[in-house]
Amino acid sequence: MTTTRGAVDEANALRENMVRELREYRAIRSESVARAVQTVPRHLFAPDAPWESVYKPNTALVVKRDEQGVATSLLSAAHIQVTMLEQAELEPGMRVLEVGSGGYNAALISELVGESGTVVSLDIDAEVVERARRCLKSAGYERVTVAQGDAEYGHADGAPWDRVIVTAGAWDIPPSWTGQLAPEGRIVVPLRMRGLTRSVVLEAAGDHLVSRDYHLCAFVPMQGAGARDRHLVPLAGSGPEEPEVGLRVEEEQPLDVAGMREVLRGRAVRRWSGVDFDQVDELDLWIGTSASVFGVLIAGAQAIDSGLVARSTARGAPTLIRGASFAYRTARPVEGTERYETGVIAHGPEAETVADEYVELLRRWDRDLRDTRPGARIEVFPAATPTSELPEGRIVEKSHTRIVVSWPGAQNPAPR
């Protein structure tokens, strides 16, 4: 551990600058979170990384990869960490269970709940657990308990928890999290719905949970009993020389995969909506929970460069599907301005109809929801809840729960 005065001053300056930038992004909104970020030496939790990278607000650092080189543990970007801490609204004396350990976030939580609070950081990976313990000790946060266990079962020792803060992508909400939550408690979780992940704040409302806030986020997926792999349907790219295009889908949905593969290389229909290409995160969630059959179209560089698909597919384009026909989102610059216009590209025998349906959804969002935040209401019910007892909205089926996403500000809500 470096202890020279020059190194200490440098670390302090880097943290001050990171706090300033996080304030400018409006990720930090409270003085308590600002003080925590200013206090905790983030570089001690990534000892092999350059300090300039460690203290960049939007940089995530890989802590561990699996045998295939896929990241299984990250030091998440400070931007999303402080966003979730602001969502949690931590107070001194609270009891907090962190699901997914790395050490740094647990240290921030420890600063926020103080010496009278309790922090347990839970991870399934023994190597990650030992690393988090070493880093916390070197940073002076030995009062944080790091435990090994499967997140599916929570951590009963110490419950009930005032807050459960999940730092791995979750496909479902296991009963242990709600069962170990204090009556006025709060769960902050990166919840995956129809292939889209949002950091959702959930609080109890009778027999179910209701969202209070949500933000775009990205995390490595949950491991253990609650793991659920993303399903990628290949639409092109059967050989090493062919462009790769895939459709990422979740839950059970009717798909004519053979038909979609055939029409992808056929005639494309383009429609432009007149809607500005901004607030994309919120727009994506609206499309994803309004379309009856939905996926995310993803393509490699070769498919994009060849013109087979639009550049919007590089990071994933929300896609509305009807049989063998589908439409996905794209954008174009508005001449003479710095603005972009949202549009769609459609393929298939019903391309015109699907494109028009997509454009209508874009325009409804622009008309009814653009200035509404948060626009969606996310409710989590036990899996046994009859459909007749669920509110109106898009039902997303999980193993333990039935999630209903509705948009109170929208006229003519989408059917279930």
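Between F381 and H208, the ring planes lie parallel to each other; the angle is under 30°, not in the 30° to 60° tilted range.
Counting only N and O atoms by type, the side chains of Q87 and R163 include no donor and acceptor under 3.5 Å apart. For the residue pair E152 and H400, a side-chain donor N or O sits within less than 3.5 Å of a side-chain acceptor on the partner. Checking R194 against Q253 by side-chain atom types alone, a donor-acceptor pair falls below 3.5 Å. Under the 3.5 Å distance criterion, with hydrogens and angles disregarded, a donor-acceptor pair is assigned to the side chains of D172 and T401. No hydrogens or angles considered: nothing links the side chains of R270 and T330 as a donor-acceptor pair under 3.5 Å.
Remark: R35 pairs with no residue by the salt bridge (charged side-chain N to carboxylate O under 4.0 Å, His left out) rule, at least two apart or across chains. Partners of E379 according to the salt bridge (charged side-chain N to carboxylate O under 4.0 Å, His left out) rule, which considers only residues two or more places apart in sequence or in another chain, are R377.
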Go through Y104 and C135 one step at a time and tell me if the side-chain contact (heavy atoms from CB on, under 4.5 Å) criterion holds.
CA-CA 8 Å; Y104 175 68; C135 291; over 6 Å; no

When you look at F277 and Y340, which way does the ring pair (Phe, Tyr, Trp, His ring centres under 6.0 Å) test go after all the steps?
CA-CA 5 Å; F277 187 77; Y340 282 78; 7.0 Å; no

Could you give me the CA-CA distance, side-chain angles and deciding distance for Y214 and V201, then say whether side-chain contact (heavy atoms from CB on, under 4.5 Å) is met?
CA-CA 6 Å; Y214 57 84; V201 179; over 6 Å; no

Applying side-chain contact (heavy atoms from CB on, under 4.5 Å), run through L191 and W171 and close with a yes or a no.
CA-CA 6 Å; L191 185 59; W171 183 78; over 6 Å; no

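A salt bridge between R332 and E341 is present, with a side-chain N of the basic residue lying under 4.0 Å from a carboxylate O of the acidic one. Salt-bridge annotation for R133 and E142: absent, with no side-chain N of the basic residue lying under 4.0 Å from a carboxylate O of the acidic one. Ionic pairing of R131 and E127 is not present here: no N-O contact between side-chain nitrogen and carboxylate oxygen is shorter than 4.0 angstrom. Ionic pairing of R339 and D276 is present here: one or more N-O contacts between side-chain nitrogen and carboxylate oxygen are shorter than 4.0 angstrom.
What you find for Y55 and P41 is that their closest heavy atoms are OH-C, 3.7 Å. Shortest non-hydrogen contact noted between G393 and S406 is CA-CB, 4.2 Å. The shortest non-hydrogen separation linking A268 to I345 is CB-CG2, 4.0 Å.
Taking 4.5 Å as the limit, some side-chain heavy atom of E86 sits within range of a side-chain heavy atom of S30. Contact annotation: the side chain of V188 never approaches that of V164 to less than 4.5 Å [non-hydrogen atoms, C-beta and beyond]. Residues E98 and N105 are in side-chain contact: their nearest non-hydrogen atoms beyond the backbone lie under 4.5 Å apart. Proximity of I109 to M94: side-chain heavy atoms (C-beta onward) are nowhere separated by under 4.5 Å.
Formation of a donor-acceptor pair under 3.5 Å by the S110 side chain with backbone atoms of A106 is not found in this model. Under a 3.5 Å cut-off, the side chain of R198 and the backbone N or O of D213 do not form any donor-acceptor pair. In terms of modelled atom types and a separation under 3.5 Å, the side chain of R186 and the main chain of E203 share no donor-acceptor contact.
A 6.0 Å sphere centred on CD of E397 holds more than 12 heavy atoms belonging to other residues, nucleotides or ligands.
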